[in-house]
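These numbers were taken from a predicted model, which means no experiment stands behind them. Counting convention: from 1, in listed order, for ligands and their atoms alike.
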Amino acid sequence: MAKDKDYRKLINTGRWRKLRRSVLTAHPLCERCYDEGYITPASEVHHRRPVEYGVDYAEKHRLMYDPGNLCALCHDCHVKVHTEMGRSGKEAARRRNAEVVDAVINRFFNDG
Ligand SMILES: [Zn+2]
């Protein structure tokens, strides 16, 4: 997903750099590798709920800096997480569109 201007504004701050550093200090290992039994140093901080999902600036602000929304990952896992989210996002959109098409077909062609 393309990063919007609010995201760039919120991430280019001393507040984010400080928070990011504190997350990596508190969680020095990649949480995803750790769950799978691997010990990998974490180097990146991931937002579980993407900041861009915020409906307005206030919600994006909350998502960006909410410690509960953050998790420490290695670079490979961070890429994987985003690839998976992109895929499931597209899949969900495709399913929703298919349901709408089905509903229209049922209404207009299967009536009675
Ligand atoms: Zn990892």
> So what does the Cys77 SG - the Zn ion (ligand 1) - Cys33 SG angle come to, to 10°?
Replying inline: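 Between SG of Cys77 and SG of Cys33, at the Zn ion (ligand 1), the angle is about 110°.
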> Is any N, O or S atom of His78 under 2.8 Å away from the Zn ion (ligand 1)?
Replying inline: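 Under 2.8 Å: His78 has no N, O or S contact with the Zn ion (ligand 1).
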> Does any N, O or S atom of Cys30, backbone or side chain, fall under 2.8 Å from the Zn ion (ligand 1)?
Replying inline: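 Of the N, O and S atoms in Cys30, at least one lies under 2.8 Å from the Zn ion (ligand 1), which means yes.
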>> Is there a salt bridge (charged side-chain N to carboxylate O under 4.0 Å, His left out) between Glu84 and Arg32? Walk through the geometry before answering.
In response: CA-CA 13 Å; Glu84 287 166 9; Arg32 201 176 137 127; 3.0 Å; yes
> Salt-bridged, Asp4 to Lys60, with N to O below 4.0 Å?
Replying inline: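 Yes, charged N to carboxylate O under 4.0 Å.
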> If you take all heavy atoms of Ala72 and His27, which pair is closest and at what distance?
Replying inline: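 In this case the closest contact between Ala72 and His27 is CB-O, 3.4 Å.
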> Taking the six-membered ring for Trp, are the ring centroids of Trp16 and His61 within less than 6.0 Å of each other?
Replying inline: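 Not under 6.0 Å, so no.
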